[in-house]
Amino acid sequence: AVVSTQSTGTVIDEDLLKQCIEEQGTASEAGRIAKKEGLDFSEVESLRLDFKNILKIDNLWFFTNLVKLNLDNNIIEKIQNLDSLIHLEWLDLSFNNIEKIEGLDKLTKLKDLTLYNNQITVLENMDKLVNLHVFSIGNNNLSQIDNVVYLRRFRELQCLNVAGNPFAEGDYKSYVVAHLPSITYLDFRLVSSHMREEAITQYQDAIDVIEHNERDDQKKQEKEVARIAEEKELREAFVDGLMSGQLFDDLFIEDVDGPKLNLLPQMIEAFELYKSKFCKICEELVSFGLKEAQNREREKTMFQSAVNKAKEADKVQGVAVINEFLAYKKKVLTELGQVSDARVIDAKISELQEELNTVWDTLMGYELQLAEQLEEVNKDFERTMSDMSGTFTETVQNYFTQCRELELMHHDKLTETALLIMEKVVKNELEEELPEDLRLLFVDKDTITNAVNTSHDLHNQRIDNKEDDIVTRVGNSKESYNARISEGEVQRNRHRVAEINHFLENIRDELEQYEHLDR
């Protein structure tokens, strides 16, 4: 790679970009764009910035539709500032001073990547390049041949160049071909079926281990994806944090003494029964929440269908009115092309303008009718969602009331048991030996009573907090959704009115120009 210093590097600025685009020639799309007044970088699909002594990749944010980018033969040290180039399919960064692969996560459409002749030591940070077909990493500093295993994740990879790296000596090709079954060209040569068979036979044991590990990783990934999906489903149903005894376990997060007291021989069975009943209530609440979430989604789908149907009907009748007018306008203007009498022309133009006003009245009438219709549909939907939210909230509160009742029953049982043990301790009649941490709680009646009550209060606080969290989120979700619907309708109405007015203004301008031409 070419070595240089920052002081000699060229800055990618607007002048350089314009110059490079124009240099691509008027025959190319970019060249044609460059000849337009007011160059729009977002329209450029191909850009060559090679041999420009560029040190830093910068100022490419506006090239949002770029497909092909040449940055080869510069002095670039770091891959950066490419996130906006989400449509990029071809990237050449060969012959630079790059030491690390990075900054490519947003380039998910990339098919061809060339990093030839740099100073890269590790293959990494390319996981998002799922469409990679061609990869050139030759003449770099890759010393470990197992770097090649990283490329197994690219199922579409067909062409690979690794020649010129420290590891690329001896029989390295057999290793590469065996570990990368998808490639058909290695170092610009076709991989023969015979070579592939021999390579796989040579490294079969190692490949078996790798494939076994890949299957394990795939299972883990699938489990993680399923877990995330389940969490999302529960969260959107407002019943997250309730499965698998999560809320019950949360009761004891800050409870220091409760877990100790529940390990008393007299409490073990009662505690397990309490836990079982508590978790069952939570499971029923989760089941109810998921069912209600489905009902809400069904209502939303029906609502959106009704809205779309009304919009489509309005569009059909609006288009019919416009098409009828445009046909009438065309007919009149065609006739006027054969008329020379100014008074006849003025009369016809006046008729067209009057008809245009009628069209405006009709379209605005349709829009008013649609707005009123959608307003009524929105209100009905809001009432439905409000009723559903109210029912859901009331049921949730009932479930949490059951949780508090169970907690109270357990608290009473624990209080009774603790006081009986305290009485035996005072009378020195306790048969079993208490652990040290429990003996400290049974020094007197006040101490043990305070410990039991504190545990109970902490549990109730956790239950109350979870209930409040669900109720608050349900209310906020309803209000937020209704607000989005309302704002969306306001924006739709404004856009439609502006659209109608714009149409009429264009027609009026056309008629005025016709009048001027006549005169």
Side-chain angles (χ1 to χ4, degrees), residues 79 82 88-94 98-228:
I79 306 173
L82 296 174
L88 202 64
E89 296 182 9
W90 198 96
L91 175 61
D92 189 349
L93 284 163
S94 57
I98 299 167
E99 297 182 357
K100 181 178 180 179
I101 300 176
E102 58 187 333
L104 301 173
D105 284 353
K106 301 297 182 181
L107 309 185
T108 56
K109 293 185 178 181
L110 202 63
K111 294 180 180 179
D112 191 316
L113 174 62
T114 301
L115 293 169
Y116 186 82
N117 211 86
N118 279 280
Q119 301 172 24
I120 295 166
T121 57
V122 179
L123 296 184
E124 59 183 343
N125 302 322
M126 296 167 58
D127 298 44
K128 301 298 177 64
L129 308 185
V130 294
N131 293 302
L132 196 63
H133 283 67
V134 179
F135 182 44
S136 177
I137 190 69
N139 271 29
N140 274 273
N141 295 331
L142 299 174
S143 59
Q144 301 297 320
I145 195 169
D146 57 4
N147 269 285
V148 170
V149 178
Y150 176 81
L151 301 177
R152 286 177 62 87
R153 69 199 65 212
F154 304 116
R155 305 299 184 187
E156 304 295 325
L157 186 62
Q158 296 176 3
C159 302
L160 175 66
N161 172 34
V162 295
N165 282 286
F167 79 74
E169 299 176 356
D171 190 27
Y172 75 94
K173 290 186 178 181
S174 294
Y175 183 95
V176 175
V177 171
H179 287 79
L180 300 178
S182 67
I183 64 168
T184 55
Y185 288 89
L186 175 60
D187 297 338
F188 309 108
R189 291 182 177 273
L190 180 67
V191 177
S192 67
S193 57
H194 176 69
M195 178 184 181
R196 191 183 304 280
E197 289 172 3
E198 286 193 342
I200 291 174
T201 300
Q202 181 180 352
Y203 291 98
Q204 188 64 62
D205 292 343
I207 293 172
D208 288 343
V209 173
I210 291 173
E211 289 179 345
H212 174 75
N213 293 336
E214 286 177 342
R215 285 192 294 271
D216 286 347
D217 290 341
Q218 180 65 26
K219 289 178 181 178
K220 290 177 182 177
Q221 290 176 10
E222 289 173 355
K223 285 183 179 180
E224 180 63 12
V225 169
R227 183 191 66 79
I228 293 173

### Message
Tell me the closest heavy-atom pair linking Gly103 and Leu82, and the distance in Å.
### Response
O-CB, 4.2 Å

### Query
Is there a side-chain contact between Trp90 and Val134, using heavy atoms and a 4.5 Å cut-off?
no

### Rounded distance (nearest 0.5 Å) linking atom CD1 of Ile120 with atom NZ of Lys100
11.5 Å

### Query
Would a 4.5 Å heavy-atom cut-off, applied to side chains only, mark Leu113 and Leu107 as touching?
no

### Query
With a 3.5 Å cut-off and no angle check, do the side chains of Asp217 and Gln221 form a donor-acceptor pair?
no

#### Entry: Leu91 and Leu104, any side-chain heavy atoms less than 4.5 Å apart
yes

## Note on the structure
Heavy-atom nearest pair, Ala168 first then Gly164, reads CB-N, 4.1 Å

### Query
After noting the C-alpha distance and the side-chain angles of Phe135 and Leu115, does the key distance pass the side-chain contact (heavy atoms from CB on, under 4.5 Å) rule?
CA-CA 8 Å; Phe135 182 44; Leu115 293 169; 3.9 Å; yes

### Query
Roughly how far apart are Asn141 CG and Asn118 CG, rounded to 0.5 Å?
9.5 Å

Could you give the side-chain donor-acceptor pairs of residues 122-130 under 3.5 Å, partners two or more places apart or in another chain?
{"unit_1": "Asn125", "atom_1": "ND2", "unit_2": "Ile101", "atom_2": "O", "d": "2.8"}
{"unit_1": "Asp127", "atom_1": "OD1", "unit_2": "Tyr150", "atom_2": "OH", "d": "2.5"}
{"unit_1": "Asp127", "atom_1": "OD2", "unit_2": "Arg153", "atom_2": "NH1", "d": "2.8"}

### Residue list, side chain to side chain contact (heavy atoms under 4.5 Å, CB included) with Ser192, at least two apart or on another chain
His194, Met195

### Query
Yes or no on side-chain contact (heavy atoms from CB on, under 4.5 Å) for Glu211 and Asp208, after CA distance, side-chain angles and deciding distance?
CA-CA 5 Å; Glu211 289 179 345; Asp208 288 343; 4.3 Å; yes

### Query
Which pair of heavy atoms, one from Ser94 and one from Asp92, lies closest together, and at what distance?
OG-OD1, 2.6 Å

### Query
Of all heavy-atom pairs between Asp187 and Ala163, which one has the smallest distance, and what is that distance?
OD1-N, 3.1 Å

### Summary
Test side-chain hydrogen bond (donor to acceptor under 3.5 Å, both in side chains), reference Gln218, set Glu214, Lys220, Glu222, Arg215, output is Glu222

## Note on the structure
All heavy atoms of Asp112 vs all of Leu132, minimum pair found to be N-CD1, 4.3 Å

### Query
If you measure from CD1 on Ile98 to CG on Leu93, what distance do you get to the nearest 0.5 Å?
4.5 Å

### Message
Under a 3.5 Å distance rule, please check whether Ser136 uses its side chain to pair with a backbone N or O of Asn161 as donor and acceptor.
### Response
no

#### Entry: Inter-residue atom distance Lys111.NZ - Cys159.SG, 0.5 Å rounding
13.0 Å

#### Entry: Side-chain heavy-atom pair Asn131, Leu110 within 4.5 angstrom cut-off
no

## Note on the structure
In short, Asn165 meets Gly138 closest at the heavy-atom pair ND2-CA, 3.8 Å

### Message
Counting C-beta onward and ignoring hydrogens, is there a side-chain heavy-atom pair between Arg152 and Val149 closer than 4.5 Å?
### Response
yes

Please output the side-chain donor-acceptor pairs of residues 173-181 that fall under 3.5 Å, not counting sequence neighbours, one pair per line with the distance.
{"unit_1": "Ser174", "atom_1": "OG", "unit_2": "Asp171", "atom_2": "OD1", "d": "2.9"}
{"unit_1": "Ser174", "atom_1": "OG", "unit_2": "Asp171", "atom_2": "OD2", "d": "3.1"}
{"unit_1": "His179", "atom_1": "ND1", "unit_2": "Tyr175", "atom_2": "O", "d": "2.8"}

### Query
Rounded to the nearest 0.5 Å, what separation is found between the CD1 atom of Ile210 and the CG atom of Asp205?
11.0 Å

### Query
Any side-chain heavy atom of Leu151 within less than 4.5 Å of one from Ile183?
no

### NZ-CD distance between Lys109 and Glu89, expressed to the nearest 0.5 angstrom
7.5 Å

### Task
Would you sort out whether Glu224 and Arg227 count as a salt bridge (Lys or Arg N to Asp or Glu O under 4.0 Å), showing the intermediate values?
CA-CA 5 Å; Glu224 180 63 12; Arg227 183 191 66 79; 2.4 Å; yes

### Message
What I'd like to find out is whether the side chain of Val148 reaches to under 4.5 Å of the side chain of Tyr172, using heavy atoms alone.
### Response
no

